[in-house]
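Data block below; observations after.
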Protein chains: 2
Amino acid sequence: MSKFTPLVACGNCPIRHNAVCAQCDSDELATLERLKSYKVYPAGARLSDAGMPLTHFSSIVEGCATMSKTLEDGRRQTVGLLLPSDFIGRPGRTTSAYDVESLTEVKLCRFERVEFERLVQTTPHIANRLLTMTLDELDAARDWSVVLGRLTAREKVAAFLVSLARRLASVQGKRNAGSGVMIHLPLSREAMADHLGLTLETTSRQVSALRRDGVIETSSNRDIRIPDFERLAIEAGEDDDGGLIV
Amino acid sequence: MSKFTPLVACGNCPIRHNAVCAQCDSDELATLERLKSYKVYPAGARLSDAGMPLTHFSSIVEGCATMSKTLEDGRRQTVGLLLPSDFIGRPGRTTSAYDVESLTEVKLCRFERVEFERLVQTTPHIANRLLTMTLDELDAARDWSVVLGRLTAREKVAAFLVSLARRLASVQGKRNAGSGVMIHLPLSREAMADHLGLTLETTSRQVSALRRDGVIETSSNRDIRIPDFERLAIEAGEDDDGGLIV
DNA sequence: CGAATACTTGAGAGGTGTCAACCGGAGTGG
DNA sequence: CCACTCCGGTTGACACCTCTCAAGTATTCG
């Protein structure tokens with residue numbers, strides 16, 4: 001199924017130093033190299049369904065996806081935004097707890113479930129890295145619950161932009177160009193709303209309000225420039241010393 | 001400081017099979033025995049402050065506490081309710097990310113930070129258990145974000161009671177007595193509100209509404225009987241097969 | 001160029017927050 | 001023993017924020 005997706009050598013992999021393999025030495029990388037396979041999904045694909053069996057664990061190599069849960073009546077909450085180097089799947093469980101959907105074309109580096117579970121057991125470098133990543137995600141999830149529980153709609157949108165800008169910068173290893181920060185939103189207004197616990201209309205209104213107030217500038221619906229990042233962070237309810245938010 | 005708190009042998013510890021030590025063999029327990037110390041806090045004490053150094057990792061042996069974050073303007077969000085066997089502290093970090101406050105008298109089983117970090121590195125049974133616990137907490141935090149982001153006030157209160165009843169039952173290893181489920185709330189209405197992203201008034205109103213509708217019965221502010229647990233679960237927005245919630 | 005989709009904006013409804021009064025039990029002191 | 005106070009909880013009235021429903025605009029893609 002992935003015959004047209006040539007494998008990249010782990011040493012040249014863009015997520016080499018951030019993914020679950022980050023601490024592996026060259027011997028361990030050789031093992032991973034032997035077990036891994038790539039799979040590419042187009043934008044808008046379902047990578048897994050809540051409650052369905054999960055045959056592989058994956059790292060996102062390129063692209064962007066969401067993890068979400070949908071209630072019977074259609075209300076949906078996104079519980080995680082997945083960017084390159086993020087891990088999909090939960091060792092010790094054979095089913096997916098959430099729906100995972102690609103926002104852009106996504107390239108996964110996958111390992112068969114049983115083989116990866118064995119690797120976790122036998123490779124401290126992997127188990128350790130997995131623990132660190134899980135702890136980081138736990139902190140991020142808890143920080144996000146402050147956003148969901150206590151921020152206003154305007155603050156939520158600002159907090160999302162702050163968080164996304166930081167994560168994109170860290171993924172792309174980057175710039176704080178003098179002329180402000182530019183980000184491209186991989187999400188629709190509806191997907192943002194599902195992440196923020198808002199409706200898409202309220203989300204759109206708050207984006208417009210932030211633009212009107214000069215906190216952000218937009219060249220298209222998805223392209224945003226933040227002239228004064230500090231100001232946006234304040235709009236997001238962060239205390240002066242950057243206390244809150246991922 | 002804890003000279004009046006006699007150590008319980010790990011083998012007789014009430015959280016022996018659920019805490020971070022759950023997978024340890026007797027040799028490993030002997031090591032823990034040598035390194036551990038107990039500390040008891042009264043109700044309403046601050047076990048740690050967000051941003052402050054954390055000298056020990058702890059497991060809750062008895063009692064109940066909250067982890068929360070407070071914004072500059074006083075808005076507070078509780079990001080975790082800690083019950084016996086829950087772990088406090090984050091390996092790899094020397095400061096606390098959250099305020100931790102005891103709701104009842106709390107007895108902690110503590111390990112000095114550096115010593116515990118070394119244990120994690122050298123004892124796969126501990127590292128493994130820590131990973132499993134962290135993954136469980138991550139799932140719980142993500143599930144809770146659905147509550148915060150998408151449920152109504154009434155559903156939030158119901159979801160909290162469902163979640164608390166399940167956790168208390170698992171802690172106390174217990175009963176589903178024919179005559180419904182009884183739970184004692186360790187939290188004030190204000191603490192519940194902070195956990196649910198509501199005001200205390202709205203929380204109180206929804207508790208009253210659930211009582212008025214016969215979903216719960218109360219013998220005091222803190223003592224609640226749930227005559228039909230399934231009905232409460234439906235009020236909490238769970239789908240029929242118990243899809244949602246921790 | 002036309003259709004579909006995404007986004008924006010408006011008007012009104014409804015749910016939750018705010019502010020305030022009141023209730024009831026526990027502890028205290030006369 | 002009773003009055004008083006304190007504190008947590010309850011309830012009411014109203015304001016405000018976000019949602020809902022709807023129309024209209026922009027963008028993308030065939």
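Just so it is clear, the structure is predicted and the values come from calculations on it, not from any experiment.
Checked against side-chain contact (heavy atoms from CB on, under 4.5 Å), N221(B) has the following partners two or more places apart in sequence or in another chain: R189(B). Listed by chain and residue number, R222(B), D223(B) satisfy the side-chain contact (heavy atoms from CB on, under 4.5 Å) test with S220(B) (two or more places apart in sequence, or in another chain). Partners of E201(B) by side chain to side chain donor-acceptor pair (under 3.5 Å), not counting sequence neighbours: none found. For R225(A), the salt bridge (Lys or Arg N to Asp or Glu O under 4.0 Å) partners are E217(A), not counting sequence neighbours. Not counting sequence neighbours, the partners of R76(A) by the salt bridge (Lys or Arg N to Asp or Glu O under 4.0 Å) test are E101(A), D194(A).
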Exercise for the section: Would you give a per-nucleotide map of nucleotides 14-27 of chain C, 5' to 3', where B means the base has a protein non-hydrogen atom under 4.0 Å away, S means only the sugar-phosphate does, and - means neither? Expected result: --SSBB--------
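Salt-bridge check for D143(B) with K69(A): passed, with a basic side-chain N closer than 4.0 Å to an acidic carboxylate O. E235(A) has no carboxylate O lying under 4.0 Å from a charged side-chain N of K156(A), or vice versa, which leaves the two without a salt bridge. Taking a cutoff of 4.0 Å between a charged side-chain nitrogen and a carboxylate oxygen, D213(B) and R231(B) do not qualify as a salt bridge. For E155(B) and R75(A), the salt-bridge test passes: some basic side-chain N is under 4.0 Å from an acidic carboxylate O.
Non-hydrogen atoms lying under 4.0 Å from DNA chain D are contributed by nothing in residues 210-220 of chain A. Within residues 186-196 of chain B, no residue places a heavy atom under 4.0 Å from DNA chain C.
Pairs passing the ring-ring contact (aromatic ring centres under 6.0 Å, His included) check and including a residue from residues 198-234 of chain B, sequence neighbours excluded, do not occur.
Residue contacts shown for R75(A) are absent, as no nucleic acid heavy atom lies under 4.0 Å away.
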Practice task
Might you work through the side-chain contact (heavy atoms from CB on, under 4.5 Å) test for F160(A) and H195(A), ending with a clear yes or no?
Solution key: CA-CA 9 Å; F160(A) 172 72; H195(A) 195 34; 3.6 Å; yes
Exercise for the section: For side-chain contact (heavy atoms from CB on, under 4.5 Å), just list the numbers for L81(A) and R167(A), CA-CA rounded to whole Å, side-chain angles, deciding distance to a tenth of an Å, and then say yes or no. Expected result: CA-CA 10 Å; L81(A) 185 62; R167(A) 291 186 64 191; 3.8 Å; yes
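Counted by atom type alone, S96(B) and S48(B) present one or more donor-acceptor pairs between their side chains at under 3.5 Å. Counted by atom type alone, Q206(B) and T203(B) present zero donor-acceptor pairs between their side chains at under 3.5 Å.
Note on the helix from dC1(C)-dG30(D) to dG30(C)-dC1(D): angle between the axes of the first and last five pairs equals 30°, rounded to 10 degrees.
Reading DNA chain D from its 5' end, the first and the last nucleotide to sit under 4.0 Å from a heavy atom of chain B are dG9(D) to dA13(D).
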Which donor-acceptor pairs under 3.5 Å do the side chains of residues 52-65 of chain B make with protein atoms, sequence neighbours left out?
none

